[in-house]
Amino acid sequence: MTSKADPRPKARTPRGFVDRRGDVLRAERRIVEAVSQVYERFGFELLETGAFEYADALGKFLPDADRPNEGVFALQDDDDEWMALRYDLTAPLARFVAQNWETLPKPFRRYAVGKVWRDEKPGPGRYREFVQCDADTVGSERPEADAEIIAMAVEGYAAAGLPRGAYVLKINNRKLLNGLLASCGVADEGQKLAVLRAVDKLDRLGRDGVRLLLGEGRLDESGAFTRGAGLAPAAAEPVLAFIAAGAGGRSATLDRIAEVVAGSAEGEAGLAELDRIGAALGAFGVGEEQALFDPSVVRGLEYYTGAVFEAELLAETQDEAGGGARFGAIGGGGRYDDLVARFTGERTPATGFSFGVSRLAAALAASGQSETSQARGPVVVIALDAARMTDYQSLAAELRGAGFAAEVYLGSAGMKAQMRYADRRLSPAAVILGEDEIAAGQVTVKDLDLGRQLAAGVSDNRAWRGDRPGQVTAPRADLVSLVRQIVGRAR
RNA sequence: GCCGCCUUAGCUCAGUUGGUUAGAGCGCCAGAUUGUGGCUCUGGAGGUCCUCCGUUCGAUCCGGAGAGGCGGUACCA
């Protein structure tokens with residue numbers, strides 16, 4: 001061995017990225033198609049924008065000289081302009097709407113499906129590249145627009161195959177908490193954000209944990225201290241009462257919220273919006289158990305200005321180790337009335353919902369709803385004799401012409417390995433054209449599914465091979481009808 | 001980002017009190033079976049023992065640094 005550096009690169013996927021094969025992709029494509037159909041039925045137009053945006057269009061995560069790659073994958077173009085891979089589909093929508101406002105039908109309703117990228121610490125089920133599916137309405141401030149987005153999300157989950165009761169869509173309104181805080185004398189933006197963050201942790205830390213985070217702060221088990229919002233107890237108690245108001249049906253929740261936010265103009269406005277959303281949901285036929293009001297929903301984002309939505313998976317799930325898997329949100333969204341104004345200076349009301357496609361696929365799998373069946377392979381034409389490749393190719397072409405997936409085995413292994421190949425591909429049939437068949441003007445088609453069934457009961461290899469189960473030899477002209485019989489059975 | 005644990009074959013993992021050829025199961029390939037998937041048997045391939053630096057006659061093992069993975073926490077568009 002020399003001390004020269006190994007010139008061979010290591011085959012590996014970059015951190016936070018995954019390779020995904022046919023079966024997974026098929027499942028995801030089914031989901032996307034189902035949800036897209038729902039969106040189209042509601043009158044939403046498909047829009048695609050590029051993967052890159054100029055960094056300033058992406059908003060607060062824009063790179064600057066000090067940390068050009070914070071949170072996003074960014075690079076500098078030839079003209080020194082920073083561009084970055086989009087981290088969601090909403091920022092590109094805001095840019096598109098601002099750019100094309102004059103020519104768009106208003107309100108503008110579009111859905112979008114595409115990859116987004118985030119340069120952050122990957123975790124289980126959390127990658128640096130993933131597919132999102134969004135629907136947004138830009139240019140309507142009616143609460144009915146929010147309700148419609150929620151109704152589409154509910155229908156989307158149903159269309160994707162998530163059963164009723166497996167999830168719940170929680171609805172809240174930022175104006176409620178804003179109004180509440182204002183009437184408690186909390187005006188500082190940083191403090192408001194800290195309150196939102198604390199409220200967001202209700203499901204994980206419980207009421208007492210949130211109380212600590214609303215006040216001075218909280219010391220967790222590992223000894224790390226999280227600074228709180230610094231609210232006085234007199235201000236924290238109404239917040240705690242507010243976030244506890246969520247149990248029960250939609251109108252009962254509204255009644256309880258009304259008591260807490262009474263006297264605040266912004267709170268009353270938020271309440272009125274929720275009331276109209278609730279009425280519209282009723283008209284859409286969205287049940288109380290599918291979409292409810294929950295004052296503890298936050299969505300963490302600064303840019304939401306009104307209604308916020310979050311879909312949570314309820315079904316009992318298990319991770320691979322058998323423990324209870326925490327799933328958390330499987331989608332979310334809300335109203336963002338200021339996002340387009342970043343470009344135009346004019347307030348443009350907008351509302352939307354977004355879900356992660358692979359997260360939903362994982363949710364379906366976890367609730368036992370996904371068909372994880374392996375894709376069926378093609379009919380495999382066994383290649384026994386290199387000199388006969390053209391014959392094999394025409395057999396395959398004939399089958400493809402008749403509408404079957406078919407391929408000629410292109411490796412160099414023998415018959416046994418070729419049969420194993422067809423078996424692993426889950427092919428329904430193998431076509432054998434050997435010397436015997438050629439001499440007799442025949443072709444042999446083997447039913448692999450039948451063999452799979454019979455194999456379990458066979459213990460003697462000689463018999464297994466000798467019986468040749470499901471194997472039919474017939475005149476070559478009958479190829480297509482033989483395959484049709486066998487493959488028809490397989491479907 | 002911070003704290004803790006972990007990293008040996010494609011996968012799951014043994015093991016070496018620091019010593020010459022590092023193992024198992026599963027998987028993969030081949031033969032038994034000139035042209036037939038499964039079972040069984042036999043054989044084979046596959047390892048920088050995460051990387052670098054240090055200690056040592058000698059390091060997969062000890063020390064340090066780094067990378068990657070897992071869990072918690074923070075952040076989350």
Side-chain angles (χ1 to χ4, degrees), chain A residues 1 5-6 8 10-16 53 58-62 67 70-72 84 86-92 94 116-124 126 132 134 193-194 196-197 200-201 204-205 213 217-227 298-304 319 321 323 326 328-329 332-334 336 339 354 377 380 382-385 413-427 429-438 444 446-471 473:
Chain A
M1 267 301 244
D6 192 340
R8 287 178 302 177
K10 195 170 179 181
R12 62 206 174 129
T13 45
R15 199 161 128 75
E53 293 284 343
L58 287 179
K60 69 166 190 169
F61 290 90
L62 79 158
R67 27 172 219 177
E70 188 77 9
V72 298
R86 63 188 181 202
Y87 55 77
D88 71 8
L89 297 176
T90 309
V116 302
W117 296 265
R118 296 180 188 181
D119 185 9
E120 61 188 0
K121 179 184 161 188
R126 186 169 174 166
Q132 278 196 338
D134 277 38
L193 278 173
L196 290 179
R197 278 198 291 268
D200 199 27
K201 293 181 176 60
R204 197 150 44 82
L205 302 181
L213 284 175
R218 174 177 175 274
L219 195 67
D220 67 40
E221 312 84 62
S222 73
F225 182 73
T226 309
R227 250 183 67 131
V298 168
R299 293 297 302 154
L301 324 188
E302 274 175 82
Y303 69 57
Y304 287 129
D319 58 24
R326 291 189 68 103
Y336 49 98
L339 217 51
S354 161
V380 172
I382 304 293
L384 291 171
D385 181 355
M415 178 107 176
K416 186 183 170 78
Q418 296 191 37
M419 293 300 294
R420 191 164 55 222
Y421 171 81
D423 190 39
R424 282 181 193 168
R425 295 288 305 275
L426 218 61
S427 295
V431 175
I432 301 163
L433 185 69
E435 282 176 39
D436 301 346
E437 284 85 355
I438 289 167
T444 296
K446 185 178 177 97
D447 182 343
L448 295 176
D449 284 347
L450 188 60
R452 284 184 190 100
Q453 283 171 35
L454 296 175
V458 179
S459 58
D460 177 50
N461 185 263
R462 227 170 255 284
W464 161 248
R465 284 160 61 128
D467 287 354
R468 302 197 167 164
Q471 193 165 316
T473 300

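Letters A, B, ... are given to chains in the order of the sequence lines, protein chains preceding strands, and every chain is numbered from 1. Just so it is clear, the structure is predicted and the values come from calculations on it, not from any experiment.
- Counting any heavy atom pair closer than 4.0 Å across all strands shown, A/I382 reaches no nucleic acid atom.
- B/A45 sits 16 Å from B/C29 when the P atoms are compared, rounded to a whole Å.
- Atoms CD1 (A/I432) and P (B/G35) sit 12 Å apart, rounded to a whole Å.
- At the heavy-atom level, A/R452 lies under 4.0 Å from base atoms of the strands shown.
- In this structure, CD in A/E437 is found 5.5 Å from OG1 in A/T473, a value given to the nearest 0.5 Å.
- Note on A/R197: a side-chain N or O is less than 4.0 Å away from OP1 or OP2 of B/C76.
- Within 3.5 Å, a donor on the side chain of A/Q471 pairs with an acceptor on the base of B/U36, or the reverse.
- Atom CG in A/L384 sits about 10 Å away from atom P in B/U36, given to the nearest Å.
- Nucleotide B/C76 holds its P atom 13 Å from the OH atom of A/Y303, rounded to whole Å.
- Put simply, A/K416 has a side-chain N or O that comes within less than 4.0 Å of OP1 or OP2 on B/G37.
- You'll find a donor-acceptor pair under 3.5 Å spanning the side chain of A/K446 and the base of B/U36, going by distance alone.
- Comparing B/U48 with B/A22, their C1' atoms sit 14 Å apart, to the nearest whole Å.
- One C1' atom belongs to B/A9, the other to B/C50, and the distance between them is 14 Å to the nearest Å.
- Among the protein residues, A/Q418 comes within range of no part of the nucleic acid, since none of its heavy atoms lies under 4.0 Å from any strand.
- Nucleic acid contact class of A/R420 (heavy atoms, under 4.0 Å, all strands): sugar-phosphate only.
- You'll find the side chain of A/T90 reaches within 4.5 Å of the side chain of A/D134, heavy atoms only.
- Among the nucleotides B/C29, B/U36, B/G69, the one closest to any side-chain atom of A/R15 is B/G69.
- Rounded to a whole angstrom, the distance from the C1' atom of B/C76 to that of B/U7 is 29 Å.
- Distances shorter than 4.0 Å separate none of the side-chain N or O atoms of A/K201 from OP1 or OP2 on B/C76.
- Protein atom OH of A/Y304 is 13 Å distant from nucleotide atom P of B/C76, rounded to whole Å.
- A pairwise comparison of heavy atoms in A/A91 and A/D88 identifies N-OD1, 3.0 Å as the closest pair.
- Ion pair A/R452/A/D449 flagged as a salt bridge, since at least one NZ, NE, NH1 or NH2 atom sits closer than 4.0 Å to an Asp/Glu carboxylate oxygen.
- The closest donor-acceptor contact from the side chain of A/Q132 to the backbone of A/S354 lies at 3.5 Å or more, if one exists at all.
- Taking atom P in both B/U21 and B/A14, one finds a spacing of 25 Å when rounded to whole Å.
- Here the CZ atom belonging to A/R86 is positioned 10.5 Å from the CG atom belonging to A/L58, to the nearest 0.5 angstrom.
- Out of B/G37, B/G35, B/A30, the shortest distance to the side chain of A/M419 is found at B/G37.
- B/C76 atom C1' lies 13 Å from atom CG of A/L196, rounded to whole Å.
- One atom, OH of A/Y421, and another, C1' of B/A30, lie 20 Å apart when rounded to the nearest Å.
- When both distances must be under 3.5 Å, the Watson-Crick or G-U wobble mate of B/U55 does not exist.
- In this structure B/C26 sits in a base pair with B/G10, meeting the Watson-Crick or G-U test at under 3.5 Å.
- Counting atom types as modelled, A/E437 pairs a side-chain N or O with a base atom of B/G35 as donor and acceptor under 3.5 Å.
- Taking the nucleotide of RNA chain B with the nearest heavy atom to each of A/A417 and A/W117, the more 5' of the two is matched to A/A417.
- Closest to the side chain of A/M415, out of B/A30, B/A74, B/G35, is B/G35.
- Contact of the A/I438 side chain with the A/L433 side chain is registered, since non-hydrogen atoms from C-beta on lie closer than 4.5 Å.
- The partner of B/C5 is B/G69, judged by Watson-Crick or G-U wobble contacts that both fall below 3.5 Å.
- B/A24 and B/C57: their C1' atoms are spaced 33 Å apart (whole Å).
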